[in-house]
Q: 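What follows is a single structure, and I will ask about it in a moment.
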Amino acid sequence: QVQLVESGGGLVQPGGSLNLSCAASGSISSMYAMAWYRQAPGKQRELVALIMVGGKTNYADSVKGRFTISRDNAKNAVYLQMNNLKPEDTAVYYCWTMGPYWGQGTQVTVSS
């Protein structure tokens, strides 16, 4: 059983930055893929960014060039650096890994 705990969400103005963290209960070194999803009110959950065990990444078109996903196997953590945030990035952000396992989510609100 894997437990994922997200942190780092909050309220930020447009153009601002946030860095989300996802702490895993066990070793992530063998977890083939880890990802961040988000779900805005009234919308379906969508993939934001994915990182494979070898470091290959994939991003939703809407966040390319602004968001960066990374993983630290030694700390059993995955991160999402979000820059130049826009109001449309407002959502609950979830950490995911194959199982599937989900975290409880962290709220990100982009508003002036």
Side-chain angles (χ1 to χ4, degrees):
Q1 189 75 10
V2 175
Q3 290 186 330
L4 304 173
V5 179
E6 303 97 333
S7 61
L11 173 64
V12 63
Q13 292 186 343
S17 298
L18 284 174
N19 188 29
L20 304 184
S21 298
C22 172
S25 59
S27 173
I28 69 168
S29 60
S30 61
M31 295 179 187
Y32 187 69
M34 299 194 73
W36 287 94
Y37 283 75
R38 68 186 180 188
Q39 187 166 18
K43 295 187 176 182
Q44 289 189 331
R45 193 171 295 189
E46 63 174 357
L47 177 65
V48 176
L50 175 78
I51 186 164
M52 310 298 280
V53 65
K56 183 178 180 180
T57 58
N58 192 30
Y59 296 92
D61 288 342
S62 60
V63 306
K64 282 181 181 177
R66 300 188 298 122
F67 290 11
T68 302
I69 188 171
S70 61
R71 62 193 289 169
D72 187 334
N73 291 342
K75 295 183 178 181
N76 296 325
V78 178
Y79 307 98
L80 186 68
Q81 176 65 42
M82 305 186 295
N83 297 326
N84 190 22
L85 283 160
K86 304 176 180 180
E88 51 264 41
D89 295 318
T90 295
V92 178
Y93 284 70
Y94 297 91
C95 185
W96 168 95
T97 191
M98 297 176 71
Y101 297 101
W102 295 93
Q104 83 289 350
T106 185
Q107 176 70 47
V108 171
T109 302
V110 185
S111 176
S112 55

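Note that the numbering runs from 1 along the sequence shown for the chain. Values reported hereafter were calculated over all heavy atoms of this structure, with side chains retained and with hydrogens, waters and symmetry mates removed. Because the structure is a prediction, the values reported are computed rather than measured.
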Q: Determine whether Y94 and L47 fall in the same hydrophobic cluster, where Ile, Leu, Val, Met, Phe, Trp and Tyr are linked whenever their side-chain heavy atoms lie under 4.5 Å apart.
A: yes

Q: Under a 4.5 Å cut-off applied to non-hydrogen side-chain atoms, are L11 and S111 in contact?
A: yes

Q: Measuring from atom CD of E46 to atom CZ of R38, what distance do you get when rounded to the nearest 0.5 angstrom?
A: 4.5 Å

Q: Is there a continuous path of hydrophobic side-chain contacts, each under 4.5 Å between heavy atoms, that joins Y79 to F67?
A: no

Q: More than 12 heavy atoms of other residues, nucleotides or ligands under 6.0 Å from CD of Q107: yes or no?
A: yes

Q: Y32 and T97: side-chain contact (heavy atoms from CB on, under 4.5 Å), yes or no, with the steps?
A: CA-CA 8 Å; Y32 187 69; T97 191; over 6 Å; no

Q: Answer yes or no: is there a donor N or O on one side and an acceptor on the other, between the side chain of T106 and the main chain of S7, under 3.5 Å?
A: no

Q: Measure from NZ or CZ of R45 to the centre of the six-membered ring of W102, then state whether that distance is under 6.0 Å and the direction lies within 45° of the axis.
A: yes

Q: For A91, is there any backbone N or O sitting under 3.5 Å from a side-chain donor or acceptor partner on Q39?
A: no

Q: Let's go through K86 and D89 carefully: what are the C-alpha distance in whole Å and the side-chain angles of both, what is the deciding distance for salt bridge (charged side-chain N to carboxylate O under 4.0 Å, His left out) to 0.1 Å, and is it a yes or a no?
A: CA-CA 5 Å; K86 304 176 180 180; D89 295 318; over 6 Å; no

Q: Does atom CD of E88 have more than 12 heavy-atom neighbours from other groups under 6.0 Å away?
A: yes

Q: To the nearest 0.5 Å, how far apart are OG1 in T68 and CG in N83?
A: 6.5 Å

Q: Roughly how far, to the nearest 0.5 Å, is CD1 of I51 from NZ of K56?
A: 12.0 Å

Q: So how far is it from L80 CG to S21 OG, rounded to the nearest 0.5 Å?
A: 9.5 Å

